[in-house]
Amino acid sequence: MRSLFGVLIFICLSPFLAKSLSPSLDDDVLGLIVFKADVIDPYGRLNSWNEDDEKPCKWDGVRCNPRSNRVTELVLDDFGLSGKLGRGLLQLQLLHKLSLARNNLTGSLSLSLAQLPSLRVLDLSGNSFTGSISSDFFSHCGNLRSISLASNKFSGQIPENLGSCSMLISLNFSGNQFSGVLPLGVGSLSAVRTLDLSDNMLEGELPMDLEGLNNLRMISLRKNQFTGEVPDGIGNCLLLKSIDLSQNLLSGALPSTMQKLILCNDLVLSKNGLTGVVPEWIGAMRSLEILDFAENNFSSQIPESIGNLQSLKILNVSKNALTGILPEVLENLVNLLSFDISHNLISGSLPFWAFKLGLQKFRISNNEFSGSIDSALDSALENSLKDLLFLDVSRNKLSGEIPSAIGGFGSLQFLNMASNEFLGSIPASIGKLKALSVLDFSENKLNGTIPITIGECSSLMFLSLCHNKIAGSIPVSLAELTFLKIVDFSFNKLTGALPKQLVNLARLQSFNIAYNQLQGDLPAGGFFNTIDPSSVTGNPSLCGAAVNRSCPAVLPKPIVLNPDSTDATSGAITHSSGHKKMLSVSSLIAIGAAAAIVVGVIAVTVLNLRVRTSTSQSAAALAFSGGDDFFSHSSSPNGDSGKLVMFTGKPEFCTGAHSLLNKDCELGRGGFGSVYHTILGNGRSVAIKKLAVSSLVKSQEDFEKEVKKLGEIRHGNLVSLDGYYWTPSLQLLIYEYVSGGNLYKLLHEGSGENFLNWNERFNIILGAAKGLAQLHQTNIIHYNIKSSNILIDSFGEPKVADYGLARLLPTLDRYVLSSKIQSALGYMAPEFACKSVKITEKCDVYGFGILVLEVATGKRPVEYTEDDVVVLCDMVRGALEEGRSEECVDMRLQGKFPEEEAIPVLKLGLICTSQVPSNRPDMAEVVNILKLIRCPSDSHDELGDLS
Ligand SMILES: *[C@@H]1O[C@H](CO)[C@@H](O)[C@H](O)[C@H]1NC(C)=O
Ligand SMILES: *[C@@H]1O[C@H](CO)[C@@H](O)[C@H](O)[C@H]1NC(C)=O
Ligand SMILES: *[C@@H]1O[C@H](CO)[C@@H](O)[C@H](O)[C@H]1NC(C)=O
Ligand SMILES: *[C@@H]1O[C@H](CO)[C@@H](O)[C@H](O)[C@H]1NC(C)=O
Ligand SMILES: *[C@@H]1O[C@H](CO)[C@@H](O)[C@H](O)[C@H]1NC(C)=O
């Protein structure tokens with residue numbers, strides 16, 4: 001009655017409940033409403049609990065006895081309730097089951113079983129209750145069948161009178177902070193089947209006599225601080241199926257009584273200090289599925305009798321002091337999924353049966369296994385290897401080559417073969433391991449190269465090949481492994497440059513290439529901007545900020561060209577063989593060095609080139625290399641060889657040494673780099689563009705593909721690309737030289753009488769249009785139409801230059817396009833500023849329109865006067881609207897141009913500069929329109945319509 005009185009007081013004080021105080025309320029409604037008032041119900045899960053109801057039996061989470069309508073069950077698992085448990089529950093005198101699992105309830109457990117005498121099931125697991133359990137909590141627990149206080153923050157001792165719960169079947173106190181010793185009464189819980197006290201701070205010795213627990217099926221004392229030995233009495237719990245005493249401080253040997261536990265499935269004793277032998281009698285525990293003795297101090301051989309454990313799925317004896325060899329009978333364990341004997345002293349050769357069993361995990365690391373692995377794998381080949389997920393043979397003395405059959409482990413996620421004596425090269429079949437996330441071959445004697453197929457291990461996150469003798473270059477394909485986090489190639493013999501594409505590895509945390517012979521510059525951007533200097537040290541030819549060494553623009557080694565060699569495999573010809581004719585393309589190389597030109601003229605070492613005549617008729621390829629090992633490298637994309645390809649005929653470089661490159665030869669600079677004029681040995685003039693975007697260009701393969709495509713375009717109004725030179729750090733494009741200068745100079749910098757007449761201007765417009773139309777027909781967008789990119793040859797024909805370069809870069813975003821490439825003021829189509837509009841070849845049409853106006857008016861696209869900015873197309877549009885368009889035409893032509901041509905040309909220019917891309921004509925139409933303008937015999941009306 002005292003508690004009811006308390007409740008009434010509470011209700012009277014609570015305005016929320018005041019109105020509900022009615023004589024018809026039975027104790028259960030009252031109790032539940034008080035409970036509701038005490039907790040916080042953020043998700044409104046108790047909204048159905050209405051204090052006006054006579055019965056609570058239809059409320060969410062409430063169940064009643066159908067006859068008495070009294071509440072028997074309250075199950076509010078996962079209701080998201082927080083706050084404290086009030087005393088309202090004490091009203092529920094007939095409550096059998098109270099389950100509040102996985103809420104957010106706090107406070108201490110104020111009720112006791114004496115106050116809820118009917119309670120059979122109590123589940124408070126997964127809350128945040130604190131405090132200790134009062135010593136009389138269990139004093140009236142005669143009805144209690146199941147109690148779980150798991151996953152809370154209870155502390156203190158477990159009450160001694162727990163032993164009086166004679167009907168208790170299940171007890172779960174796991175995951176709290178209970179401390180002290182186990183109450184003696186635990187040993188007499190004769191009904192108990194599951195006893196879970198894991199993950200607390202319990203200590204002391206276990207009661208030796210467990211005879212009372214003769215119904216026990218499952219016991220877990222995992223993760224406490226129990227000491228002493230495993231009690232003898234455990235052998236009396238004959239129904240035990242699962243024993244977990246792991247992560248305690250148990251010591252001594254296993255009691256032999258355990259062999260009576262023939263129903264036991266799981267025996268987990270890991271992380272204790274158990275000693276002695278792994279007993280022969282273990283074979284009697286025939287139902288064992290899990291046998292985990294890991295991290296103890298067992299020191300014996302693995303007993304033969306383990307072969308009797310036909311049901312065994314998991315065997316873990318890792319981290320003991322086991323010796324001897326593995327018994328052959330282990331091959332009888334046909335159900336085995338996981339086998340871990342790592343960190344012992346076991347020797348012998350790799351057990352071949354291991355790969356026959358359909359294992360998922362196989363771990364024998366840190367032992368003394370020797371011999372080669374291939375026989376084991378070979379004998380497994382006829383079996384399916386597809387189940388294995390985890391293979392760790394690291395830190396043994398295994399030798400021989402890594403068998404190619406390893407590619408058969410189709411599901412493998414983890415492969416560690418580190419710290420053995422493996423030789424030979426990494427098999428290309430490694431690329432078949434699509435699920436592999438960890439690959440460790442470090443500290444072996446592997447040679448050969450990193451297989452390109454590594455790029456197919458698409459799940460790889462960790463890759464270590466350090467401390468081997470691996471040579472060759474880092475394959476570009478590595479950049480395809482987008483999950484890569486940690487890469488260690490240190491202490492090998494890797495050469496060549498780092499693929500630039502590695503910057504795409506967005507998840508990279510560590511990339512260690514220290515102590516190799518890598519060269520060239522580090523990839524710029526991404527992870528590599530902040531790479532730890534210790535990860536790149538020990539590579540004398542590597543350059544870049546991280547190694548504190550600036551990158552030379554020229555290849556460090558002399559380049560040798562031999563024109564007479566027709567046999568690519570002949571290594572006999574060297575640059576010192578005197579009777580061969582030595583040739584030079586020093587000028588090319590000098591351009592490479594021009595990045596370093598600060599003043600005037602620099603001298604460039606005379607470099608020799610050795611020619612390899614290409615089998616291809618259209619293209620003659622020259623491979624450049626640093627020395628006599630040229631031929632062995634020439635076929636692979638190797639960092640220390642450059643490659644010169646001329647698309648037209650054989651390269652004809654003659655002996656004359658053009659060792660000087662004059663800065664005056666610089667023809668111009670653009671977003672893509674500087675252009676130099678030079679004369680090849682045969683007297684042929686070429687313009688050579690040195691790409692300033694070197695660090696951005698695609699892989700060699702893609703670069704070459706794109707350049708070849710550009711080289712195939714031949715048109716009288718396009719500057720033709722005659723060849724290219726490629727090294728990882730330097731790319732040159734070799735163009736035909738166009739002698740007449742560019743249109744910008746002719747229009748805006750010409751002096752005196754020396755300006756273009758109307759006819760010449762019209763020709764230039766028409767020619768440029770034809771060139772662009774041709775480009776668009778081959779699906780190339782120029783992106784950078786401007787008058788300085790229109791070159792005029794000696795016959796006055798215009799030639800469009802600088803086209804297609806955007807294709808050499810990886811996918812470009814709008815920003816790069818507009819800032820790096822289409823930077824010319826006034827020519828930029830408005831869609832560059834508008835994210836939602838796709839950029840198409842119509843941006844060239846816009847640039848062309850501006851160009852047309854520029855040519856016709858002789859004015860720059862944007863001109864600054866003292867207090868004004870004049871935008872050419874606005875100016876022309878205005879003039880046209882006011883009917884004084886002829887005034888727009890270049891003053892120098894006044895009276896010397898045919899109006900019937902000039903006005904339509906201006907109109908065409910305006911149409912081409914429409915704001916909306918789709919309103920602009922395409923270049924093929926533009927060419928037709930221009931032809932019509934020139935031949936006025938055809939109708940003019942069409943053009944009238946256009947405006
Ligand atoms: C439990 O309560 C804590 C703080 O009181 C809160 O941060 C957390 O989100 C709550 N959890 C749930 C499931 O409501
Ligand atoms: C004890 O409770 C925890 C947390 O709810 C649970 O994970 C564990 O499986 C339970 N133990 C047993 C033996 O059911
Ligand atoms: C393991 O046992 C050996 C003696 O057999 C002892 O020297 C060693 O200290 C023990 N190690 C542990 C971790 O108990
Ligand atoms: C074997 O046990 C050790 C120690 O508990 C553990 O680290 C390891 O992962 C287990 N082996 C396997 C294959 O699960
Ligand atoms: C790699 O090692 C194997 C085995 O030692 C040897 O036969 C082979 O010649 C080596 N290959 C190279 C390229 O050094």
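First listed ligand is number 1; within each ligand, the first listed atom is number 1. As a basis for the values below, the full set of heavy atoms in this structure was taken, side chains included, without hydrogen atoms, waters or symmetry mates.
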### Task
Only counting residues at least two apart or in another chain, list the ones meeting side-chain contact (heavy atoms from CB on, under 4.5 Å) with N236.
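With sequence neighbours excluded, N236 shows a side-chain contact (heavy atoms from CB on, under 4.5 Å) to E211, K260, given in chain and number order.
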#### Entry: L113 side, atom CG; I147 side, atom CD1 - distance, nearest 0.5 Å
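Spacing of CG (L113) from CD1 (I147) equals 6.0 Å.
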Ligand-residue contact atoms, ligand 4 with [X], heavy atoms, under 4.0 Å:
X	value
A294	2 (O), 4 (C)
E295	4 (C), 5 (O)
K361	13 (C)
N316	1 (C), 2 (O), 3 (C), 8 (C), 10 (C), 11 (N), 12 (C)
S338	13 (C)

### Distance-only N or O hit between ligand 4 and D340, under 3.5 Å
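Yes, since at least one N or O of D340 sits under 3.5 Å from an N or O of ligand 4.
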Which atom pairs, nitrogen or oxygen on both sides, join ligand 5 and the protein at under 3.5 angstrom?
from, atom 1, to, atom 2, distance (Å)
ligand 5, 2 (O), N447, OD1, 3.4
ligand 5, 2 (O), N447, ND2, 2.2
ligand 5, 11 (N), N447, ND2, 2.9
ligand 5, 14 (O), N447, ND2, 3.3

### Task
Answer yes or no: does atom CD1 of I325 have more than 12 heavy-atom neighbours from other residues, nucleotides or ligands under 6.0 Å?
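It does not: I325 CD1 has 12 such atoms or fewer within range.
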### Query
Does L423 CG have over 12 foreign heavy atoms under 6.0 Å away?
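Above 12, so yes.
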### Task
Any chance you could lay out the side-chain hydrogen bond (donor to acceptor under 3.5 Å, both in side chains) test for S287 and S311, step after step, and finish with the verdict?
CA-CA 6 Å; S287 304; S311 306; over 6 Å; no
### Task
Only one of S148, S220, S198 passes side-chain hydrogen bond (donor to acceptor under 3.5 Å, both in side chains) with S174; say which it is.
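Among the candidates, only S198 passes.
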#### Entry: Test item: L239 and N215 side chains (from C-beta on) under 4.5 Å apart, heavy atoms
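They are in contact (side-chain heavy atoms under 4.5 Å apart), so the answer is yes.
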### Query
Would you say N297 and L274 make side-chain contact, with heavy atoms under 4.5 Å?
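Not in contact.
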### Message
List the residues meeting disulfide (SG to SG under 2.5 Å) with C141, not counting sequence neighbours, and say none if there are none.
### Response
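Testing C141 for disulfide (SG to SG under 2.5 Å), a comparison that skips the adjacent residues, returns C165.
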### Query
Would you say ligand 2 has an N or O under 3.5 Å from any N or O of N172?
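In this structure, N172 places an N or O atom under 3.5 Å from an N or O of ligand 2.
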### Query
Hey, is R363 touching ligand 4 through its side chain, its backbone, both or neither, going by heavy atoms under 4.0 Å?
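Looking at R363 and ligand 4, just side chain atoms fall under 4.0 Å.
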Close-contact set for ligand 2 against [X] heavy atoms, below 4.0 Å:
X	value
M218	13 (C)
A150	1 (C), 2 (O), 3 (C), 4 (C)
S151	4 (C)

### Task
Could you pull out all residues at least two apart from R145 that satisfy side chain to side chain donor-acceptor pair (under 3.5 Å)?
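None.
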### Query
Quick one: which of F154, F129, F178 gives a ring-ring contact (aromatic ring centres under 6.0 Å, His included) with F173?
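That would be F178.
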